[in-house]
Protein chains: 2
Amino acid sequence: MSTNNKRNVDMDTVDRKLLIELLRDARTSLRRLSEEMNVSPATLHNRLTRLVQEGIVRGFTALVDYTKLGYSLSAVIMAKVDGKHLTEFEREIASSDNVVAVYDVVGEYDVVIISKFKNVEDLDAFLKQLLKNPKIERTYTSIVLNVVKEDPRIKI
Amino acid sequence: MSTNNKRNVDMDTVDRKLLIELLRDARTSLRRLSEEMNVSPATLHNRLTRLVQEGIVRGFTALVDYTKLGYSLSAVIMAKVDGKHLTEFEREIASSDNVVAVYDVVGEYDVVIISKFKNVEDLDAFLKQLLKNPKIERTYTSIVLNVVKEDPRIKI
DNA sequence: AGTGAAAAGCACTCGTT
DNA sequence: AACGAGTGCTTTTCACT
């Protein structure tokens, strides 16, 4: 009954180096990279197309300092949810504009939600909306005082 | 004694639209965008340079499906840390290759850590290393069974 | 699957307003 | 601060291997 159809993929040195460089700077030019790597630009273009098609690369984005845009408030919310409705609840919560991450976890709680807000009112409204959901048995909210690190990149 | 020198910045419609488009696709061309927006490519180029200089844009990256690269294990770790050493501890933990996020929170715990691993052994080693740190009074680890959502982009 | 070559597209700079 | 135009890069395609 798992819906997880992900599989690990063969990646050679070229794919790996390409991925590392795009993680470092998504706007870098394939041409310059191709010179460094002693392959043709066309090859890198093909490799990148394949990485995107296979879903290894989900897209390219700008990393933004949200505090400078007024999103000064983050929250880590843990919730215990009625098992029958967990998947539905997660889908619901993941579609929210304020939510950057949703993790299905094991332990005292079932879901961990990372969310961002412009002010206390917005966070309050989000939490109130959440709490009136009858699928939720219990929540624990940690208000984030300081985002020490937030970077989707890990060393691959 | 705050080290938070972040400030909110004036962003007009052009900045905002540029940012939204780069969040959507960081490899998009400024020229095409400039046509959509009825400004010159040179203006967009200047705007983007300014956004980067001001630190609103921290960089550009590829969004990667880490499960497809073998990082099938994530963990949400909460820690209660001796107050005197909190900042030092956070700096330490944030520099780890396996850590994508570190949040300074208020409540029962002081720090929330989001981390990724290839296997149970690596997670185990990370946790053991963490637990032998005398600054830590208490931890709570939630093993992530499923990453429902993980996307640094919020609607701005 | 990788390549070179060519055409189309693009970034970046600078002088002008 | 925004622009237009020019120069040199870059992507993308495609026929060939």
Side-chain angles (χ1 to χ4, degrees), chain A residues 5-70 151-153 156, chain B residues 5-70 151-153 156:
Chain A
N5 55 6
K6 284 157 188 148
R7 61 191 178 80
N8 297 359
V9 184
D10 289 325
M11 299 238 309
D12 67 7
T13 321
V14 174
D15 288 329
R16 206 183 126 82
K17 174 84 163 122
L18 173 57
L19 207 42
I20 289 169
E21 291 300 322
L22 290 172
L23 280 167
R24 196 185 51 75
D25 177 13
R27 283 181 74 83
T28 199
S29 90
L30 299 185
R31 181 184 216 253
R32 201 181 43 68
L33 264 183
S34 75
E35 278 161 24
E36 276 181 38
M37 295 166 69
N38 297 312
V39 290
S40 74
T43 296
L44 283 193
H45 186 262
N46 292 338
R47 295 300 191 100
L48 181 50
T49 304
R50 215 203 72 220
L51 287 171
V52 171
Q53 270 169 359
E54 286 181 322
I56 296 174
V57 171
R58 289 160 43 215
F60 303 97
T61 194
L63 294 172
V64 168
D65 184 338
Y66 286 108
T67 63
K68 291 196 175 164
L69 297 184
D151 196 320
R153 297 173 282 195
I156 60 167
Chain B
N5 55 6
K6 286 157 186 145
R7 61 190 178 83
N8 298 359
V9 183
D10 289 325
M11 301 239 307
D12 68 6
T13 321
V14 173
D15 289 328
R16 206 182 127 81
K17 174 84 163 125
L18 173 58
L19 207 42
I20 288 169
E21 292 299 322
L22 290 172
L23 280 167
R24 196 184 51 75
D25 176 14
R27 283 183 73 81
T28 199
S29 87
L30 299 185
R31 184 197 266 198
R32 200 179 45 68
L33 264 183
S34 76
E35 280 161 23
E36 277 180 39
M37 295 167 69
N38 297 313
V39 290
S40 76
T43 297
L44 283 193
H45 186 265
N46 291 339
R47 295 300 190 101
L48 181 50
T49 304
R50 213 203 73 220
L51 287 170
V52 171
Q53 271 170 358
E54 286 182 324
I56 297 174
V57 171
R58 289 161 43 216
F60 304 97
T61 194
L63 295 172
V64 167
D65 184 339
Y66 287 108
T67 63
K68 293 197 173 161
L69 297 183
D151 195 318
R153 298 173 281 195
I156 60 167

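Everything numeric in this text was worked out from a predicted model, so none of it was measured. A note on names: the letters A, B, ... follow the listed sequences, proteins ahead of strands, and every chain is numbered from 1.
For B:L51 and D:dA1, the CG to P distance is 13 Å, given to the nearest whole Å. Taking atom CD of residue B:E36 and atom P of nucleotide C:dG9, one finds them 16 Å apart after rounding to whole Å. For the pair B:E21 CD and C:dC10 C1', the computed distance is 17 Å after rounding to whole Å.
With respect to the salt-bridge test (charged N to carboxylate O, under 4.0 angstrom), the residues A:E35 and A:R32 do not qualify. In summary, B:D65 and A:R58 do not engage in a salt bridge, as defined by a charged side-chain N under 4.0 Å from a carboxylate O.
Every residue was checked against the salt bridge (Lys or Arg N to Asp or Glu O under 4.0 Å) condition with A:D25, not counting sequence neighbours, and none meets it.
Of all heavy-atom pairs spanning A:L33 and A:L44, the tightest one is CB-CD1, 3.6 Å.
Remark: the backbone N or O of B:A42 is not paired with any side-chain donor or acceptor of B:R47 at under 3.5 angstrom.
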(message) How would you summarise protein contacts on nucleotides 2-14 of chain D per nucleotide, using B for base, S for sugar-phosphate only and - for none, with heavy-atom distances below 4.0 Å?
(response) SBB-----BSSB-
